[in-house]
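Take a look at the structure below.
One-based numbering along the sequence shown.
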Amino acid sequence: MTSAVQVRPAASRAAGANTERPALRGDGSTTGPQPARFNGVGFEAVVEQFQTSPLLAEGKVNIIALDAIAERLGGRWAARQELVHDHAQKVLRRELGPNAAVQRINDTEYFVVQPDDTRLAGQARCLNGLRQILHHFLGAAAIADIKVHSVTRITNDGVFGQRLDVAAVEAEQAAARVSGHEDSPRSSGLDRWTPFVTSTGRRVGVSCSLESVIQLKSFGRIGYRVARRVVRLPDGASLSRREFERLSQRDLEKIDFATVARGIEKVRSAGLNSRPPVLILPVSHATVQNRRGRATVVALLRQGRNDVHHGLICELFGFDGASIAALLDTIAALRPFCLHVIGHLDAYPAQDIRGLDAARLNGVSVQCPPVAGDAEFIGWTRSFVILGRRVAKVLFIDQVPSLGHARLAASLGVSHATLASR
């Protein structure tokens, strides 16, 4: 963190306060079962309620700034700021949770109190919320634009704090998760992310199974692929496509983390006579593009490398539409910690693969569709081989229904397949 600075003078805050917007729910003390409300709005209310609060010393008070959006909009900011704030408040309400107090105190800044989170967890939530807001309005979240200050003191002259070092906060959070010192660990192993309550209020869990990976030239098993299901709890039904599309980026990150962690735990607890040669783990492009997500995935990969003989293989999902530069960045972040990176064509056969060969993927994979018979499977596989070879020589088909279908795929030029778990 940088040295302490005055975030903004009191006069500036009071002049820019929004006196019409009601405050969100929050808790201004460390005791009491019911969340409190701000007694007023703007800087004066902040001074009155939190100037002597012990939450300051605990690091649970932060300032989130939207300065980058205001600067980018320039003269359009005055006309568009209410639209920006409407969206910002929705994001912060979702990401920070129902008991966080979020008060807009001037044209571009929010005062945030998080009594239910530790210092580290609260800071990470603020950073993630601001990153989502910046992505929505600017299309990116540059480090220089991510301005969150940890408030250290409040006086009649202003709010004083230290700007957060984004990389340091996220690295500390990732280390805490993997070492077992996370806020509320849910298990004694690597997996601490499932079950959880989504941003839409639904309780979900992640279940994983191991599928055999077949090298089709020799028809030998070379390891396992982790297949996951995201299910509603307590009934265990899989999430529908619509439910999945409504998940927030934070929800999707938790699903990724749980999948990687559970996959590694599956191998550890499978009672195998020896370490499998490889383990294929699904990872989302968006998670690795997020600095916090990248740090956590890398920490998990470090933990799992010793559980396989040759190495881990990352199967990258969700990159359809991403720029080659962003895809190269994701692959470069993963490569030091795994044997290979293969790309899964989520939108096949409609996916645009032009230029994808420049990403230098080690292979491409695709999900086997339901097929009525051998002729339909052969036609579909031929099309995949023609398309896939434009990108890589190594071609995977995930979840073929039988060894017979795997043999047909081998005859058509597919190099690897996984057998659907039963």
Side-chain angles (χ1 to χ4, degrees), residues 25 35 90-100 116-117 121 124-125 128-129 132 173 177 182-211 224-270 279-288 290 292-293 296-297 300 315-320 344 346-348 365-370 398-399 401 418-422:
R25 296 181 68 190
K90 290 177 183 177
V91 171
L92 295 178
R93 187 181 300 115
R94 181 182 70 226
E95 293 298 321
L96 303 184
N99 287 333
D116 293 344
D117 287 326
R125 283 176 180 262
N128 189 55
Q132 290 189 40
Q173 187 188 37
R177 281 173 168 162
E182 195 187 20
D183 301 344
S184 302
R186 296 183 174 95
S187 74
S188 59
L190 284 178
D191 178 16
R192 310 178 199 285
W193 292 278
T194 182
F196 67 94
V197 177
T198 69
S199 58
T200 59
R202 185 179 295 280
R203 186 171 174 80
V204 302
V206 179
S207 65
C208 294
S209 59
L210 297 179
E211 299 174 345
Y224 298 95
R225 173 182 179 267
V226 175
R228 72 180 173 203
R229 288 179 65 228
V230 183
V231 299
R232 296 193 300 265
L233 297 177
D235 61 15
S238 295
L239 260 62
S240 67
R241 175 183 288 271
R242 183 177 181 183
E243 289 171 324
F244 205 88
E245 290 173 348
R246 292 179 63 195
L247 297 176
S248 69
Q249 178 59 40
R250 187 176 179 84
D251 296 335
L252 296 174
E253 287 174 8
K254 289 180 181 179
I255 291 170
D256 270 354
F257 301 156
T259 302
V260 175
R262 285 211 156 184
I264 294 170
E265 292 282 14
K266 279 277 187 182
V267 170
R268 290 179 176 178
S269 61
L279 177 66
I280 300 178
L281 295 164
V283 180
S284 297
H285 170 68
T287 295
V288 184
N290 178 306
R292 178 193 62 217
T296 303
V297 168
L300 288 167
E315 186 176 13
L316 197 61
F317 282 74
F319 57 85
D320 187 26
H344 187 88
D346 305 86
Y348 176 81
S365 65
V366 70
Q367 176 72 30
C368 184
D398 294 336
Q399 298 184 327
T418 67
L419 296 178
S421 58
R422 299 185 182 279

Atom pair CZ/OG1 of Arg94 and Thr198 - distance to nearest 0.5 Å: 10.5 Å
For Arg246, all residues meeting salt bridge (Lys or Arg N to Asp or Glu O under 4.0 Å), sequence neighbours excluded: none
For the student: nearest non-hydrogen atoms of Pro195 and Arg203, plus distance: CG-NH2, 3.2 Å
Donor-acceptor contact below 3.5 Å, side chain Thr418 vs main chain Gln399: yes
Inter-residue atom distance Asp398.CG - Glu211.CD, 0.5 Å rounding: 7.0 Å
Non-hydrogen atoms of Ala237 and Arg229 that approach each other most closely: C-NH2, 4.4 Å
Leu239 side chain near Val204 side chain, heavy-atom distance below 4.5 Å: yes
Reported OG1-to-CG distance for the pair Thr287 and Leu316, which is rounded to 0.5 angstrom: 9.5 Å
Under 3.5 Å: donor-acceptor pair, side chain of Lys266, backbone of Ser209: no
Pair Gln132-Arg250, side-chain donor/acceptor within less than 3.5 Å: no
Gap separating the CZ atom of Arg202 from the CD atom of Glu243, nearest 0.5 angstrom: 4.5 Å
Distance-only side-chain donor-acceptor flag, Arg228 / Thr259, under 3.5 Å: yes
Gln249 versus Asn290, side-chain donor and acceptor atoms under 3.5 Å: no
Side chains of Phe317 and Val283 in contact at under 4.5 Å (non-hydrogen atoms): no
Close side-chain approach of Phe244 and Val230, heavy atoms under 4.5 Å: yes
Pair Glu315-Ser365, side-chain donor/acceptor within less than 3.5 Å: yes
Glu95 (side chain) donor-acceptor with Leu92 (main chain) under 3.5 angstrom: no
Residue pair Thr194 / Gly205: nearest heavy atoms and the distance that separates them: OG1-CA, 3.2 Å
Closest non-hydrogen atom pair, Val297 against Phe257: CG2-CE2, 3.9 Å
Thr296 side chain to Arg292 backbone, donor-acceptor under 3.5 Å: yes
Atom pair CD (Gln367) and OH (Tyr348), whose distance is rounded to the nearest 0.5 Å: 13.0 Å
pair Ile280-Val226: side-chain heavy atoms closer than 4.5 Å: no
Inter-residue atom distance Asp117.CG - Leu96.CG, 0.5 Å rounding: 8.0 Å
Heavy-atom donor-acceptor pair, Asp256 side chain to Ser284 backbone, under 3.5 Å: yes
Shortest non-hydrogen contact between Gly263 and Leu281, atoms and distance: CA-CD2, 4.4 Å
Val206 backbone acceptor or donor facing Arg262 side chain under 3.5 Å: yes
